[in-house]
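Down below is the structure, laid out as structure tokens.
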Amino acid sequence: MGDRVGKLDYHLSVGLQQDDGFHVRHDRQQHQFLTTSLSYPLGRHDGVEAQFGYSGGKNKKGYFDKAEDGPRDQQVISRYEQIRWRRDLSQGNNISLQFYHNYHETDEQFSTDPIAIPVPPFSVQIPINYDVTSERYDLELQNNFGISRDLRGVWGVGWRVDQVVSPGFLGTSARQENRAQRIFLNMEWRTTQKLTLNAGAMWEHDQIVGGDLSPRIALNYQLTPRQTLRASVSRATRNPVLVEEQGDLRFCVNPSCSVFDQFVLSSGGLEPEKTVSREIGYFARVMGNLTLDLRVYQDNLSGLIGTYVRPYADLDLQVKDFRNGDSARVNGVEAQITHRPNFKDRLILAYAHMHIKSNNVDQNYSDSAPQTSGSLLWIHNLSDRYLASLAYYHVGSMAFLDSKPVEPVRRLDLRLARTYRLGKVDGDVALVVQSALGRYDEYYPPTMLENEFARRMFISFGMNFR
């Protein structure tokens, strides 16, 4: 629901989402959510905007064949608040100040099934605590400015604080904190009527890895009024998170934890993951009813953080640890063609080819994405009230990092819809058939049956109130 009260514009959404998950998985979920946005002018040149949101619910988690990850309920609460003030200083020049906060909490404590031990009482149920409470506070000041008609830019500074309490994953009930600062600048220069240059960078510093610079430069050249060529080079990083840098997951057999099983123990000292991306793109509009969007790219990733097994010095155990072990090179091409042969039909054809070459030290990145994928969407207006569509998808074989290989997927979806209007209410009724060609495996973990998506048919009904 949205409305205006005086000078205040507002929008409110409430909802419920629920699904039963895969029939071989303990993964049913149900969530309720509420979001709202507000906008209020403070004067001729000032305004304030605010957004708030909340969601809560229950997830079914775990596996039936893993003692440390057994079936259980996970209670989840999330909320966020954001407020932004903006002042227009002159044409093309404004300043804004934004504060953002989010909070996430999971309640996930359970006990294992009885586990046999060689001493009395000969079996124990180990309590496991996967509770996590995390918060983020972020403050950012931004200035958009124009130097001339052909030169404009944006700069800003920001501060962020991340706080986490997770006794199970971090080995302490104390609040862990990571503070970060950033400064960024981006300039757009229209050097000629056909050539536009974008260049910028962000410098960020946090308590885990220190400072790092992420630059980017891009060119857009208009070959003709209907053809554009673009090229870009960028460097980006992903800093390790607290559970990777300070992970300490152990399962205590007795209350004093003098007898325990160490599962994860981070050595620390991780470096950021780094990505250098290069891209060349081409866009063309042919005769007004056909467009082509082509992209060729290469991504070089280094210092990828993965898990490995190492001896635990204090006990005769093997524990999981994190390190910067893997690197990968991704070469790919993507293309999309959109065609409207007449006013009743629309065709969208997409294709992608990707090749990953990795050293595969800790994870099998080389097979973690399909080499080829494509889709065809056909939308046809049968009449003023009836609309039919056909969507065909093809995804090549692959293996997620924690799964067995999944065979190629070929999927066909069909939809027939009728629109209606009853007074101030309009909407549509649709018959949908998904996976008309039959079932396929969507995910295949190594310890249990595959997650399969079966053929299904349903009717959807929508209403809009004016």
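Residue numbers run from 1 in the order of the sequence given.
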Are [X] and [Y] ion-paired here, with the side-chain N under 4.0 Å from a carboxylate O?
X	Y	answer
D20	R28	yes
D293	R230	yes
R323	D362	yes
R439	D441	yes
D428	R418	no
E273	R238	yes
R136	D138	no
R295	E279	yes

Return the set of residues passing salt bridge (charged side-chain N to carboxylate O under 4.0 Å, His left out) with D299 (not counting sequence neighbours), or none when no residue passes.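 Not a single residue meets the salt bridge (charged side-chain N to carboxylate O under 4.0 Å, His left out) criterion with D299.
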[X] side-chain N/O to [Y] backbone N/O, donor-acceptor pair under 3.5 Å:
X	Y	result
S435	A454	no
D206	I208	yes
D88	S90	no
N59	K61	no

After noting the C-alpha distance and the side-chain angles of H31 and Q17, does the key distance pass the side chain to side chain donor-acceptor pair (under 3.5 Å) rule? CA-CA 5 Å; H31 293 265; Q17 294 180 339; over 6 Å; no
Check the surroundings of atom [atom1] in [X]: do more than 12 heavy atoms from other residues, nucleotides or ligands lie under 6.0 Å from it?
X	atom1	answer
I280	CD1	no
W378	CH2	no
L16	CG	yes
D384	CG	no
Q18	CD	yes
F343	CZ	no
R346	CZ	no
Q75	CD	yes

Rounded to the nearest 0.5 Å, what separates atom [atom1] in [X] from atom [atom2] in [Y]?
X	Y	atom1	atom2	value
W155	N143	CH2	CG	6.0 Å
H45	I95	NE2	CD1	14.5 Å
E271	T237	CD	OG1	11.0 Å
L229	L195	CG	CG	10.5 Å
R152	E188	CZ	CD	4.0 Å
L304	K274	CG	NZ	11.0 Å

Can you name the residues that form a side-chain hydrogen bond (donor to acceptor under 3.5 Å, both in side chains) with N360, not counting sequence neighbours?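 Testing N360 for side-chain hydrogen bond (donor to acceptor under 3.5 Å, both in side chains), a comparison that skips the adjacent residues, returns S358, S366.
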Mind listing the closest non-hydrogen atom pair of A352 and E334 along with its distance?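 Heavy atoms only, the tightest pair is CB-CG, 4.0 Å.
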Would you say the side chain of [Y] lies within less than 4.5 Å of the side chain of [X], judging by non-hydrogen atoms?
X	Y	result
I217	V233	yes
D107	V76	no
F145	I147	yes
M354	Y297	yes
D345	R340	no
K60	D73	yes
T291	V286	no
S368	I356	yes

Donor on one side chain, acceptor on other, [X] and [Y], under 3.5 Å:
X	Y	result
W85	D46	yes
N300	R329	yes
N331	H355	no
D162	N178	no
D212	W203	no
D413	Q434	no
Y440	R411	yes
S134	H104	no
E140	Q98	no

Please evaluate residues Y80 and Q82 with respect to the criterion side chain to side chain donor-acceptor pair (under 3.5 Å), reporting the C-alpha separation (whole Å), side-chain torsions for both, the decisive distance (0.1 Å), and the verdict. CA-CA 7 Å; Y80 69 89; Q82 177 179 306; over 6 Å; no
Where do D9 and R4 land on the salt bridge (charged side-chain N to carboxylate O under 4.0 Å, His left out) test, with the steps shown first? CA-CA 4 Å; D9 290 317; R4 169 174 288 186; 2.7 Å; yes
Identified side-chain contact (heavy atoms from CB on, under 4.5 Å) partner of E245 from the options I305, N239, L270: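 The side-chain contact (heavy atoms from CB on, under 4.5 Å) with E245 is passed solely by L270 among I305, N239, L270.
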Against the six-membered ring of F458, is R456 placed for a cation-pi contact (under 6.0 Å from the centre, within 45° of the normal)?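 Judged by the rule (NZ or CZ under 6.0 Å from the ring centre, within 45° of its axis), R456 is not positioned above F458.
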With R79 as the cation and Y54 as the aromatic partner, state whether NZ or CZ is under 6.0 Å from the six-membered ring centre and within 45° of the axis.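 No, R79 and Y54 do not form such a contact.
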According to the interplanar angle, ranging from 0 to 90°, do the rings of F169 and Y130 count as parallel (below 30°), tilted (30 to 60°) or perpendicular (above 60°)?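 Aromatic pair F169/Y130 classed parallel.
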Is the Y351 ring parallel, tilted or perpendicular to the H353 ring (thresholds 30°, 60°)?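 Answer is parallel, since the angle falls under 30°.
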As a quick check of understanding, evaluate salt bridge (charged side-chain N to carboxylate O under 4.0 Å, His left out) for R86 and E49, giving each step before the final call. CA-CA 8 Å; R86 169 174 165 153; E49 299 172 350; over 6 Å; no
Residues Y282, Q227; criterion side chain to side chain donor-acceptor pair (under 3.5 Å); working and verdict: CA-CA 7 Å; Y282 172 76; Q227 299 180 79; 2.3 Å; yes
